[in-house]
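Notes to accompany the following structure.
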Amino acid sequence: QVRLVESGGGLVQTGGSLRVSCAASGQTFSAYPMGWFRQAPGKEREFVGAVGGNANLPKYADDVKGRFTISRDNVKNTVYLQMNSLKPEDTAVYYCATRAVVTTLPSINPDDYDFWGQGTQVTVSS
């Protein structure tokens, strides 16, 4: 059974930084793509960034490109989302997700992901 557990969310001021983590278990971590999504109140879940399995080919949403960075530690079975220059509009619950297929290609489509974490709240104050 695949399990994803996010941590590291919190409250930060505009312009600040935060790193959220996602610890994975239940499958060979390095082989599977990992994605980050977020959902703000009253809005649909949206793509933030993703990285392919056995590869370092990250893809980012346009509004986070240059500010957010995804990295993965295949020894710790953990993927990170480093968020810099945070804005109030980044406030959301952040979810990590993974797929049941081995692929080096990161997907921006949440419907492609089979397993999800419980989410961690990130709040950016103005």
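Throughout, numbering of the chain's residues begins at 1 and tracks the sequence.
- Looking only at atom types and distance, the side chain of S71 has no donor-acceptor partner in the side chain of Q82 under 3.5 Å away.
- Remark: the Q121 side chain and the T123 side chain contain an N/O donor-acceptor pair separated by less than 3.5 Å.
- Atom OG1 of T91 and atom CG of L86 lie 8.5 Å apart (nearest 0.5 Å).
- The salt bridge (Lys or Arg N to Asp or Glu O under 4.0 Å) pairs that include a residue from residues 96-116 number zero, where partners must be two or more places apart or lie in different chains.
- Between atom CD1 of residue I70 and atom OH of residue Y60 there is a gap of 5.0 Å, rounded to the nearest 0.5 Å.
- For K87, there are no salt bridge (charged side-chain N to carboxylate O under 4.0 Å, His left out) partners two or more places apart in sequence or in a different chain.
- Side-chain contact, T104 with N54: no donor N or O sits under 3.5 Å from an acceptor N or O.
- S125 meets the side-chain hydrogen bond (donor to acceptor under 3.5 Å, both in side chains) test with no other residue; sequence neighbours excluded.
- Scanning for salt bridge (charged side-chain N to carboxylate O under 4.0 Å, His left out) contacts around R19 gives an empty result, with sequence neighbours left out.
- V79 and I108 fall into different hydrophobic clusters, where Ile, Leu, Val, Met, Phe, Trp and Tyr are joined by side-chain heavy atoms under 4.5 Å apart, directly or via other members.
- A distance-only check finds a donor-acceptor pair linking the side chain of T120 to the backbone of G9 [under 3.5 Å].
- Looking at residues two or more places apart in sequence or on another chain, you find a salt bridge (charged side-chain N to carboxylate O under 4.0 Å, His left out) between D62 and K65.
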Could you walk me through whether T98 and Q27 pass side-chain contact (heavy atoms from CB on, under 4.5 Å), step by step?
CA-CA 10 Å; T98 190; Q27 65 183 20; 3.2 Å; yes

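- Residue pairs that meet the disulfide (SG to SG under 2.5 Å) test with at least one member in residues 89-126, sequence neighbours left out, are C22-C96.
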Set out, in order, the CA-CA distance, both residues' side-chain angles and the distance that settles side-chain contact (heavy atoms from CB on, under 4.5 Å) for R72 and Y80, then state yes or no.
CA-CA 6 Å; R72 59 191 305 164; Y80 304 98; over 6 Å; no

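- Sequence neighbours left out, not one pair with a member in residues 22-37 passes salt bridge (Lys or Arg N to Asp or Glu O under 4.0 Å).
- Side chains of S107 and Y113 form a contact here, defined as non-hydrogen atoms less than 4.5 Å apart.
- Through ILVMFWY side-chain contacts below 4.5 Å, V5 is grouped with nothing and stands alone.
- Not counting sequence neighbours, the partners of L105 by the side-chain contact (heavy atoms from CB on, under 4.5 Å) test are T103.
- Cluster partners of V101, using a side-chain heavy-atom cutoff of under 4.5 Å among ILVMFWY residues and allowing indirect links: none.
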Going by atom type alone, with no hydrogens or angles, which donor-acceptor pairs under 3.5 Å involve a side-chain atom of residues 28-41 and a protein atom two or more places apart or on another chain?
{"from": "R38", "atom 1": "NE", "to": "E46", "atom 2": "OE2", "distance (Å)": "2.6"}
{"from": "R38", "atom 1": "NH1", "to": "D90", "atom 2": "OD1", "distance (Å)": "2.9"}
{"from": "R38", "atom 1": "NH1", "to": "Y94", "atom 2": "OH", "distance (Å)": "2.9"}
{"from": "R38", "atom 1": "NH2", "to": "E46", "atom 2": "OE2", "distance (Å)": "3.1"}
{"from": "R38", "atom 1": "NH2", "to": "D63", "atom 2": "OD2", "distance (Å)": "3.1"}
{"from": "Q39", "atom 1": "NE2", "to": "K43", "atom 2": "O", "distance (Å)": "3.0"}

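- R3 forms no cation-pi arrangement with F115, by the criterion of a distance under 6.0 Å to the ring centre and an angle within 45° of the ring axis.
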Walk me through it: do W116 and E6 pass the test side-chain contact (heavy atoms from CB on, under 4.5 Å)?
CA-CA 10 Å; W116 293 81; E6 299 99 334; over 6 Å; no

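- Annotation for G8 and L18: closest pair O-CG, 3.7 Å, computed over non-hydrogen atoms.
- The side-chain contact (heavy atoms from CB on, under 4.5 Å) check on T14 picks up P88, V124, S126, with sequence neighbours excluded.
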F68 vs V48, side-chain contact (heavy atoms from CB on, under 4.5 Å): CA-CA, chis, key distance, verdict
CA-CA 9 Å; F68 290 12; V48 174; 3.7 Å; yes

